[in-house]
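This structure is in structure tokens; I'll ask about it shortly.
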Amino acid sequence: MATTSNLSIDNNNHKQKAYSINIHCANCAAKIERKINELSDVDNATISVLTKRLTLIAKNPDELLPTIQKIADKIEPGTIISQLEENTSNSTSNYAEKIYLIENLDCANCGAKIEKKLNELPEIQSAQLTFATKKLKIVAQNPDALLPQINKIANSIENGIKIINADDVSSKSHQNTKKILDEKTIDIIEIVFGAILFIIGEFTSLVPDQYTLYLYIIAYLILGFHVLKTAITNLFHGNVFDENFLMSIATLGAFAIKEYPEAVGVMLFYRIGEYFEERATEKSRSQIMDAVDLRPETVNLLHGDKISIISAYEAKVGDILLVRAGDRIPVDGIVIEGESRLDTSPVTGEPVPIKIAPNSSITSGCLNISGAIKMKVEKPLSESMVSRILQAVENAAANKPKIDKFITRFARIYTPIVVLVATLTAIIPSLITGDWEHWIYTALTFLVISCPCALVLSVPLAFFSGIGSGSKQGILFKGGLALEALKNIKTIVMDKTGTLTHGNFTVKTINPTNNYTKEELLALCASCEKISSHPIAISIINEATKQKLNLKTTTDNQEIAGEGIICTIDKQKIYCGNKRLMQRFNIALPDDLPINAGTEIFIGIDDKYAGSIVIDDTIKDDAKSTIAKLKNLGLTTAMLTGDNEHSAYAVANEVGIDKVHAKLLPEDKLKKLSSLRQEHGNVFFVGDGINDAPILAGADVGAAMGSGADAAIEAADVVFMNSKVHSIFQAINISRDTIRIAWQNVVFALGVKILIMILGLMGFASMWAAVFADTGVAMICILNSIRILYKNY
């Protein structure tokens, strides 16, 4: 895990030193990095998630380590920052990440134990087990070589688990499905036969008294053989507090105190509860995965006029595919023949179909509605949108929120505490009252409810449902932490262009001085803007093309971020940009400039003002109504933009934004964000431009419009695939519902268990009630969690 530390002295007598940091969340890393850089003793700090390294430049880096560790713990609990070992040839960059499938894992609490054990292995840098997706992510130098050891650890905690390579997913999933069906059948047969014998035993008149005990023993063995076998196996592996072991002790104890019907009945209803709990978990998992897994199995490959059906994974860039009406777009590509309408709602949540024709870019997962089209593959399936969405959801499920981590830690102490209470209940009151049978029976009820599965399962499932609900509506949450953090947001900060407005700029007016015509000024400006990919530049070039103007060749091109462009045309220096660019090069602007509502581009030729071009943008239809809804939630709204004040205030007044900060450079936005956080509380920033990437990482939660730059999307915690302002409101409501339901599950599960314990101490609760407090409560929590999927936001 370690690599050679780099220690050097810079010109300011500051030392540069590298440390190991076990961080997996890029956004958390950015926040930790920002906080460290705010320290007065730090000259510079950078964190690489890829190499797991923190590089620190300071006078005494080692002395700052305790302070930095506190910062990391506050942002991402469990982060460890440590010294790198000297003179070792291994590099963290040699570590590989591998995904494995987990078969036969039925217990969420056992999954948490397996993850903990795997993270204790020195060969493994990190292990993330996600019960909701039944996947295990291992980061190690050679993960496959560790697979036998990983399987051994998993089976020591829950017998029968298989951890397999996820490469051949289709064949293995088929085999796995067949095995699950067999297990279901066996479970049903055992439950039915056990229940028949139990019912016969209850009607003792049907069986002579001397045979009743044997009947109960046979019924118990049919129902409990697998539980007893697993308990004994796990006991030899040191799992004393395993659910199977505790259930075995509880029911065998009932036999010992001659509560035969109770022992069999409890095992019967435990098995029934377990069966329905597993089915409910599996059903909820499949519902979520079906909603987000839009990957096709096959595609129609065209060879001239011939069609061959191939696996979607075999489709290569450049292949021509046929997509009939009613089919999903299989991979990202471009239409080369045919016209149709496309339902993009599975990807963006947008209900209105869009028209597609030759040269239209199309995204995988969308539904072709009306006509057959031919498309050229531009990205293979592994890189297409359907795979990216699925990967984002799976990664989000693996990125655990703080409440989940808390419940996992709590579960480790919950069971030992309940077992201790059960032991004390069996001994102390019995010594006082002499009624050993009653108090042992009460203690046995405590053992039945001592497994924390309802707690460990329901919280991550609630978050997984929230993530799934968001993806159905075109909102990609990149982790449970982002979903959790949204609940505490107090201020919504938005960029203007591309966020509140469409970003589809058009030239509104051209205002040349007397020395130039409108066409000459537009042609000069468009010639300069050719080097830029900014939407404003594109709109100017489009207008020049529309007017069929000849653009000239430029030299000495220079782009100044947040200000504009400088270039040379026919030995003349051309300046195109905002007022800051004109001021930088002492180009005087007229005193009587008209006030324009749009974005104004000033043009200077050599050292003289030549005119301006006004670019206009349109406000998104849902901006005004969404801002009103956000205010009703008690949130403050603000706009940070590099645009001029007049244009910024015009948009803000139209949609109802509370605070406006205009004419900001990218670094100024980050400073304003910090001041807004200090003034109003946690900040949710929404933007779409490449210049927004630093502020997206610096916000408490950052969201990017899906139509924006890739760098912004990568830096964001949340991505709005449909680029709607309304998605901000939806994301916050999904977050609030998810957190509320997660805590509902925790309070309900603990409340019922505590209530049954109290009633047991008072002599009112039986072991049957304890079974409900275990498996029954877990099932109710599962059903409560998945209701997020069915709510419209």
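The structure presented is a predicted model; accordingly, all values stated were derived computationally and were not measured.
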Closest approach of V331 and K379, non-hydrogen atoms and distance? CB-O, 3.6 Å
Which heavy atom of N104 sits nearest to which heavy atom of I161, and what is that distance? O-CG1, 3.8 Å
Would a 4.5 Å heavy-atom cut-off, applied to side chains only, mark I732 and I492 as touching? yes
Taking everything shown except D621 itself, do over 12 heavy atoms lie less than 6.0 Å from its CG? no
Which value, rounded to the nearest 0.5 Å, describes the distance between M721 atom CE and S471 atom OG? 10.5 Å
Minimal heavy-atom distance between A731 and F720, with the atoms involved, is CB-CE2, 4.0 Å
Mind checking what makes side-chain hydrogen bond (donor to acceptor under 3.5 Å, both in side chains) contact with K116, not counting sequence neighbours? E120
Would you give the length of the straight line joining atom NZ of K162 to atom CG of L101, rounded to the nearest 0.5 angstrom? 13.0 Å
Which heavy atom of V725 sits nearest a heavy atom of T499, and at what distance? CG2-O, 3.2 Å
Restricting to pairs with a member in residues 773-785, which pass salt bridge (charged side-chain N to carboxylate O under 4.0 Å, His left out), not counting sequence neighbours? none
Begin with the C-alpha distance, continue with both residues' side-chain angles, and end with the deciding distance and a verdict on side chain to side chain contact (heavy atoms under 4.5 Å, CB included) for T775 and I272. CA-CA 9 Å; T775 56; I272 293 172; over 6 Å; no
Go through the steps to decide whether I728 and M494 satisfy the test side chain to side chain contact (heavy atoms under 4.5 Å, CB included), and finish with yes or no. CA-CA 10 Å; I728 303 171; M494 289 159 280; 3.9 Å; yes
Please list, chain by chain and in numerical order, all residues satisfying side chain to side chain contact (heavy atoms under 4.5 Å, CB included) with A312, sequence neighbours excluded. P296, V299, L381
Using 0.5 Å steps for rounding, measure from the CD atom of Q128 to the CG atom of L118. 12.0 Å
Can any side-chain N or O of S364 pair as donor or acceptor with the backbone N or O of M385 at less than 3.5 Å? yes
Looking at every heavy atom in both F463 and A742, which two are closest together, and how far apart are they? CE1-CB, 4.1 Å
With Y313 via ring pair (Phe, Tyr, Trp, His ring centres under 6.0 Å) - residues at least two apart: none
List the steps, then state whether side chain to side chain donor-acceptor pair (under 3.5 Å) holds for D332 with T363. CA-CA 5 Å; D332 294 358; T363 302; 5.0 Å; no
Inspect the surroundings of CD1 in I413 and state if more than 12 heavy atoms from other residues, nucleotides or ligands are less than 6.0 Å away. yes
Give the ring-plane orientation class for W768 versus F269, where under 30° counts as parallel, over 60° as perpendicular and anything between as tilted. tilted
With a 4.5 Å cut-off on side-chain heavy atoms, are D187 and R271 touching? yes
For L268 and A195, work out which heavy atoms get closest and say how close. CD1-CB, 3.9 Å
Any heavy-atom pair between the side chains of S785 and F464 that's under 4.5 Å? no
Any E378 side-chain heavy atom under 4.5 Å of S384 side chain: no
Would you indicate whether the side-chain heavy atoms of I619 and V655 approach each other to under 4.5 Å? yes
Residues which pass side-chain hydrogen bond (donor to acceptor under 3.5 Å, both in side chains) with D327, listed by chain and number, not counting sequence neighbours: none
Which pairs with one or both residues in residues 729-739 pass side chain to side chain donor-acceptor pair (under 3.5 Å), sequence neighbours excluded? Q473-Q730, D737-R740, D737-K791, D737-Y793
Between the side chain of K117 and the main-chain N/O of A154, is any donor-acceptor distance below 3.5 Å? no
Is the backbone of G702 close enough, under 3.5 Å, to the side chain of D717 for a donor and an acceptor to pair up by distance? yes
Side-chain contact, heavy-atom cut-off 4.5 Å: E484 with I403? yes
With sequence neighbours left out, write down each residue that passes ring pair (Phe, Tyr, Trp, His ring centres under 6.0 Å) with F772, or none if nothing qualifies. none
So do L129 and I102 actually touch side chain to side chain, heavy atoms under 4.5 Å? yes
Should we say atom NE2 of H226 is surrounded by more than 12 heavy atoms from elsewhere, each under 6.0 Å from it? no
Distance col, row R341:CZ vs N368:CG, nearest 0.5 angstrom, shows 11.5 Å
Does I657 offer a backbone N or O that forms a donor-acceptor pair with the side chain of T637 under 3.5 Å? no
Side chain to side chain contact (heavy atoms under 4.5 Å, CB included) assessment of I362 paired with V335: CA-CA 7 Å; I362 49 178; V335 178; 3.8 Å; yes
Sequence neighbours excluded, which residues qualify as ring pair (Phe, Tyr, Trp, His ring centres under 6.0 Å) partners of H726? F729
Side-chain (S465) to main-chain (L461) donor-acceptor, under 3.5 angstrom: yes
Between D343 and C366, is any pair of side-chain heavy atoms under 4.5 Å apart? no
Under 3.5 Å: donor-acceptor pair, side chain of N119, backbone of A127: yes
Can you confirm whether more than 12 heavy atoms, excluding those of N632, are under 6.0 Å from its CG atom? yes
The side-chain hydrogen bond (donor to acceptor under 3.5 Å, both in side chains) partners of K631 (sequence neighbours excluded) come to D658
Walk me through whether S370 and S340 qualify under side chain to side chain donor-acceptor pair (under 3.5 Å). CA-CA 5 Å; S370 52; S340 184; 3.2 Å; yes
May I have the step-by-step check of side chain to side chain contact (heavy atoms under 4.5 Å, CB included) for F685 and V701, ending in yes or no? CA-CA 6 Å; F685 179 80; V701 182; over 6 Å; no
Output all residues satisfying side chain to side chain contact (heavy atoms under 4.5 Å, CB included) with S625, sequence neighbours left out; order by chain, then residue number. D622
If you round to the nearest 0.5 Å, how far is OG of S727 from CE of M705? 6.5 Å
I'd like to check the side chain to side chain contact (heavy atoms under 4.5 Å, CB included) partners of A773; sequence neighbours left out, ordered by chain and number. I449, V752, K753, I756
Could I get the full list of side-chain hydrogen bond (donor to acceptor under 3.5 Å, both in side chains) partners for W743, not counting sequence neighbours? none
Kindly determine whether N682 and T491 satisfy side chain to side chain donor-acceptor pair (under 3.5 Å), including the steps that lead there. CA-CA 6 Å; N682 291 2; T491 310; over 6 Å; no
Between CD1 on residue I138 and CD1 on residue I150, distance to nearest 0.5 Å: 4.0 Å
